[in-house]
Undergrad: 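Just passing along the structure, written as structure tokens.
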Amino acid sequence: MAKYGYSLMFYRLMISIFILSSSLRCKAIDNDDRKVYIVYMGSLPDDALYSPTANHISLLQGVLQGSSVENSLITSYKRSFNGFAAKLTDTERQRIAEMKEVVSVFPSRNLKLQTTRSWDFIGLHQKAKRNPTAESNIIVGVIDSGVWPESDSFSDKGFGPPPKKWKGVCSGGDNFTCNNKLIGARFYQQSLIKKTTTTARDTEGHGSHTASTAAGNIVNGVTFFGIVRGAARGGVPSARIAVYKACDGGCFSASILAAFDDAIADGVDIITISIGADSPLEYDQDPIAIGAFHGLKRGILTINSAGNSGSSLGSVSSVAPWMMTVAASSTDRRIIDKVVLGNGKTLIGNTVNTFTMNQSFPLVYGKDVTNGVCVENDTRSCVELCINQTAVKGKILLCDRPPLAEALTNATGSIYNKLVSSDTPFVEAAPTSGLTPEDYTTVQTYFNSTKNAHANILKSEVITDSAAPRVASFSSRGPNLITREILKPDITAPGIDILAAFSPLASPSSFSGDLRRVKYNIVSGTSMSCPHVAGAAAYVKSFHPDWSPSAIKSSLMTTAWVMNSTQSFDSEFGYGAGHVNPVKAIDPGLVYENSQEDYINFLCGIGYTEDRIRLIYGEYNSTCHKVSVEPKNFNYPAFVHQVVEDDGSFSVDYKRRVKNVGLANSTYKAKFSPNSKLEMKVEPEVLSFKFLNEEKAFNVTVTGVVESGTIQSSSIIWSDGTHSVRTPIVIFKPIPS
Ligand SMILES: *[C@@H]1O[C@H](CO)[C@@H](O)[C@H](O)[C@H]1NC(C)=O
Ligand SMILES: *[C@@H]1O[C@H](CO)[C@@H](O)[C@H](O)[C@H]1NC(C)=O
Ligand SMILES: *[C@@H]1O[C@H](CO)[C@@H](O)[C@H](O)[C@H]1NC(C)=O
Ligand SMILES: *[C@@H]1O[C@H](CO)[C@@H](O)[C@H](O)[C@H]1NC(C)=O
Ligand SMILES: *[C@@H]1O[C@H](CO)[C@@H](O)[C@H](O)[C@H]1NC(C)=O
Ligand SMILES: *[C@@H]1O[C@H](CO)[C@@H](O)[C@H](O)[C@H]1NC(C)=O
Ligand SMILES: *[C@@H]1O[C@H](CO)[C@@H](O)[C@H](O)[C@H]1NC(C)=O
Ligand SMILES: *[C@@H]1O[C@H](CO)[C@@H](O)[C@H](O)[C@H]1NC(C)=O
Ligand SMILES: *[C@@H]1O[C@H](CO)[C@@H](O)[C@H](O)[C@H]1NC(C)=O
Ligand SMILES: *[C@@H]1O[C@H](CO)[C@@H](O)[C@H](O)[C@H]1NC(C)=O
């Protein structure tokens, strides 16, 4: 799936969206050699007389050559941090970047957006213990493509007025009404594409899907063409939702920062953002990391999708330690669609096929029904321009790669090689079955064996997958290329075939020729797993309204279900600490907590200068000269080490501290899960707590020899007999390049 797409629901079509958006972008830039830049100025000064907008205008006036301020300034950030987005020439950009009050100037990039059996699967049942009053005080901020306000998932039946702390507004544009469930809405202009956004209404389905997964109502009797049925619901159905539409055919940094600026000032408790870049950015160049840091200062945890660029190592783009980064994995509800070949053989396809064929149809191979304009390789893959549309009428087309829906305009259906993405069924616009490479070869062998090969493609059904959860092939993997010592992703959650609310303006397969319309759709991606963790974080917060973002994050990580590493060759770089377990997370026993000071010290430790930190994070006194925390000693609930010695030998020691949030009088003993390649020690081995919120330090030493191209994992588990506080240990040595 390409650059500017959304979820993974139909990655082939995303390629065309990518082509479309990049051509639009080029046009915008051709007409005008100015580009949109974010001029980031750090925290707002603690000065009642300071007017950010006046300051931004005077700053711009000083550098603009030939264009007016009105023509240049796009947005002022003035509520939660300081800065602005403006159209600038290259010279103007350079002059602004040299100004002392400016922290950084970076281009406004286009990021990409990356249900509901899944909550049962992760153990948060409808009847789970709840704290309804506190839950209804929680506001989940959703930065996405807007929402479909009329969806049953966002109805306010039974809701009282918004919490008193709410300072937001309903500015959803024309014909957009908020209510006591959907308490706020705002939208932002996509400055780089020539499109005017006039509403927070969701035209793409993505934002409705993520918002309803995090905090949608319980809606009974939802079905997707009879394939799946049941209640669709969010993790915290009593919580409120505020939507910030930062994506509309693209998701530009300028809009994302504006959305954070508002969400933080409006008083949301948790931010979920299923958007990301293709590759990791430095912390002070990454709009999501910057927005999330300012959220942290107000006690808001930001949950972000890991990205859909798997499965190569180092592909995770959400890397800041103050965010919670979510990978995607399967649930035990697997959607399949069978193919019955003319010789009686049945194969299991990996497609969401809503169509019923009733009978067999003849098979034709893409390369045998060409219109003569393409090279053979393209005809085997059924590239749409190569197919003779007359010759495929009434036939099932065999394709070596997943075909675009356009290729199937006149065919009855298609059987194709789904290649590596066989673990993720997508909703298709025509009767199709996507097979594993092995099963596709079986079809080709049958096709070769007879002159009148034919097959029937059956409507999808649901089977139980006992191997779940498994990390999806598309889910972006660690290690964290910006700071190796910080484990990313942090956690995994359901992200394959999630049923949740959708927009009736979009088609379920995202193919424009698909005229079906649904209120609930099946979608896959880390975009879908991210709001599961946001819902889980909100659930934890409903029991512990005063917990810090790092305490909530730690509780979710240390109580996660242990994943089976033999099912996922990248182990923790695929799933982080494990699979989210919200019910356990409300009582973690101990937490690895970090103050804002700790994050500053972390930045000192990775070489950020004091000036850079002071400018970015404003009111804090930088203390780099006093404490320089090596990143390995940052109090993260994970231990990671990259081995650099040629012979693979290493010895690394870590400092950590844990805070008692369990029982006042409690004694925890440490143990390691065994790994014959690693020797592990902890000092002390017993931590005795006398009161709540008491902190204790410990040191961990890991030694051993690790081969190139391998990842060795273990974990340290602190246990008091009731709580089990588990933290992964990951030692890896890349293949030398
Ligand atoms: C408002 O939007 C709803 C949902 O699309 C639609 O049914 C209704 O007709 C619209 N009303 C107006 C006045 O545009
Ligand atoms: C299969 O039969 C159903 C019910 O008779 C009908 O609605 C559907 O259109 C048929 N499908 C095809 C591909 O002919
Ligand atoms: C397309 O297929 C039809 C029917 O099989 C055939 O008559 C026609 O010549 C083909 N067109 C091309 C360009 O090959
Ligand atoms: C065939 O096409 C696919 C994509 O359509 C491409 O990845 C592959 O490299 C091509 N193979 C050859 C031999 O050209
Ligand atoms: C293929 O289908 C399209 C859309 O239904 C139709 O316009 C076109 O005439 C068909 N082409 C052929 C060759 O039948
Ligand atoms: C089918 O036949 C073609 C042409 O003879 C051959 O290239 C291909 O390998 C065969 N495929 C299988 C799976 O037997
Ligand atoms: C992990 O998966 C492997 C392979 O599927 C299986 O043999 C093993 O029993 C699983 N281990 C656990 C603890 O479930
Ligand atoms: C920063 O330093 C000043 C002067 O040393 C001190 O008065 C102030 O309290 C400090 N602020 C913080 C947040 O530590
Ligand atoms: C704390 O627990 C220990 C061991 O269970 C017990 O001996 C001791 O009396 C307890 N202390 C208090 C103050 O409850
Ligand atoms: C951890 O190791 C440091 C030395 O690196 C030592 O100063 C400290 O006392 C140790 N802490 C504990 C709890 O053992």
Side-chain angles (χ1 to χ4, degrees), residues 339 341-343 345 347 355 361 363-373 376-377 379-382 384-401 403-417 419 429-431 435-453 455 507 511-516 590 592 605 627-635 639 641 651-660 667-670 680-689 694-703 716 718 727:
V339 171
L341 300 180
N343 62 5
K345 192 166 235 149
L347 301 168
F355 305 97
F361 288 89
L363 299 178
V364 287
Y365 189 10
K367 85 172 175 45
D368 301 328
V369 285
T370 148
N371 54 17
V373 302
E376 185 177 314
N377 185 35
T379 64
R380 288 174 183 279
S381 302
C382 306
E384 68 279 18
L385 298 173
C386 311
I387 301 297
N388 177 341
Q389 291 294 338
T390 311
V392 296
K393 273 191 177 164
K395 309 268 166 60
I396 293 175
L397 193 55
L398 299 185
C399 308
D400 290 0
R401 315 191 120 245
L404 285 180
E406 286 85 341
L408 305 179
T409 319
N410 304 77
T412 296
S414 172
I415 297 172
Y416 60 83
N417 185 349
L419 308 165
L435 301 177
T436 61
E438 298 72 34
D439 285 348
Y440 182 70
T441 304
T442 304
V443 176
Q444 283 286 359
T445 306
Y446 162 67
F447 180 70
N448 279 356
S449 74
T450 168
K451 279 221 169 59
N452 68 43
S507 80
F511 169 51
S512 58
D514 178 357
L515 300 177
R516 295 174 296 171
L590 305 175
Y592 292 75
V627 217
S628 176
V629 178
E630 287 179 84
K632 66 171 184 168
N633 289 329
F634 178 67
N635 201 35
F639 301 83
H641 179 67
S651 177
V652 55
D653 45 68
Y654 300 92
K655 293 192 182 76
R656 288 291 185 276
R657 45 174 218 279
V658 282
K659 180 166 138 182
N660 180 21
T667 299
Y668 285 81
K669 294 198 177 81
M680 293 161 290
K681 272 200 328 242
V682 56
E683 179 63 42
E685 290 176 339
V686 175
L687 298 176
S688 290
F689 295 92
E694 187 181 358
E695 281 204 299
K696 294 263 179 201
F698 62 93
N699 291 341
V700 168
T701 308
V702 187
T703 52
I716 178 168
W718 287 103
T727 304

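In each ligand, atom 1 is the first atom listed, and ligand 1 is the first ligand listed. Side chains are part of it too, since the values below use all heavy atoms of this structure and drop only hydrogens, waters and symmetry mates.
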Undergrad: Under 4.0 Å from a heavy atom of Thr441: which atoms of ligand 6 are those, numbered in the order shown and with their elements?
TA: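 Those of ligand 6 that fall under 4.0 Å from Thr441 are 13 (C).
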Undergrad: Does Gln444 reach the side chain of Asp400, with side-chain heavy atoms less than 4.5 Å apart?
TA: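 Of all side-chain heavy-atom pairs linking Asp400 with Gln444, at least one is under 4.5 Å.
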Undergrad: Applying side-chain contact (heavy atoms from CB on, under 4.5 Å) to Lys345 and Thr442, what does each step give before you reach the verdict?
TA: CA-CA 9 Å; Lys345 192 166 235 149; Thr442 304; 3.7 Å; yes
Undergrad: Is the shortest N/O to N/O distance between Gln389 and ligand 5 below 3.5 Å?
TA: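 In fact, backbone or side chain, Gln389 has no N or O that close.
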Undergrad: Near Asn410, which atoms of ligand 5 are under 4.0 Å from a heavy atom of that residue?
TA: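 With Asn410 as reference, the close atoms of ligand 5 come out as 1 (C), 2 (O), 3 (C), 8 (C), 10 (C), 11 (N), 12 (C), 14 (O).
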Undergrad: Give the numbers and elements of all ligand 5 atoms closer than 4.0 Å to a heavy atom of Thr390.
TA: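 Listed by number with element, the hits are 13 (C).
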Undergrad: Is any heavy atom of the protein nearer than 4.0 Å to atom 2 (O) of ligand 6?
TA: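 So atom 2 (O) of ligand 6 has protein heavy-atom neighbours under 4.0 Å.
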Undergrad: For Pro684, counting its heavy atoms only, list the atoms of ligand 10 lying under 4.0 Å from any of them.
TA: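 Near Pro684, the atoms of ligand 10 are 13 (C).
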Undergrad: Is there a side-chain contact (heavy atoms from CB on, under 4.5 Å) between Val658 and Tyr668 once you walk through the steps?
TA: CA-CA 11 Å; Val658 282; Tyr668 285 81; over 6 Å; no
Undergrad: Just so I know, are the side chains of Gln389 and Asn371 near enough to count as touching, which here means a heavy-atom distance under 4.5 Å?
TA: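 No, their side chains stay 4.5 Å or more apart.
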Undergrad: Among all protein heavy atoms in this structure, tell me which lies nearest to atom 13 (C) of ligand 10, with the distance rounded to 0.1 Å.
TA: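 For this ligand atom, the closest protein heavy atom is Ala697 O, 3.6 Å.
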Undergrad: What's the verdict on side-chain contact (heavy atoms from CB on, under 4.5 Å) for Leu385 and Glu406, showing C-alpha distance, side-chain angles and the deciding distance?
TA: CA-CA 9 Å; Leu385 298 173; Glu406 286 85 341; over 6 Å; no
Undergrad: Which residue and atom name correspond to the protein heavy atom nearest atom 5 (O) of ligand 5, and how close is it?
TA: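 In this structure, atom 5 (O) of ligand 5 has Thr409 CG2, 4.4 Å as its nearest protein heavy atom.
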Undergrad: Tell me: protein heavy atom nearest atom 11 (N) of ligand 6, and distance?
TA: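 The closest one turns out to be Asn448 ND2, 2.9 Å.
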Undergrad: Within the protein, is there a heavy atom lying under 4.0 Å from atom 9 (O) of ligand 6?
TA: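 Within 4.0 Å: no protein heavy atom nearby.
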Undergrad: Which pair of heavy atoms, one from Leu419 and one from Pro437, lies closest together, and at what distance?
TA: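 Shortest heavy-atom contact: O-CD, 3.9 Å.
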Undergrad: Consider only side-chain N and O atoms of Arg380 and Tyr365, and report whether a donor and an acceptor are under 3.5 Å apart.
TA: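 Yes - a donor-acceptor pair under 3.5 Å links their side chains.
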Undergrad: Should Val700 and Met680 count as side-chain neighbours, where that means a heavy-atom distance under 4.5 Å?
TA: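 SC-SC contact between Val700 and Met680 ruled out.
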Undergrad: Give yes or no for whether the N/O distance cutoff of 3.5 Å, strictly under, is met between Gln444 and ligand 6.
TA: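 Min N/O separation from ligand 6 is not below 3.5 Å for Gln444.
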Undergrad: Looking at atom 6 (C) of ligand 10, what's its closest protein heavy atom, distance included?
TA: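 It is Asn699 ND2, 4.1 Å.
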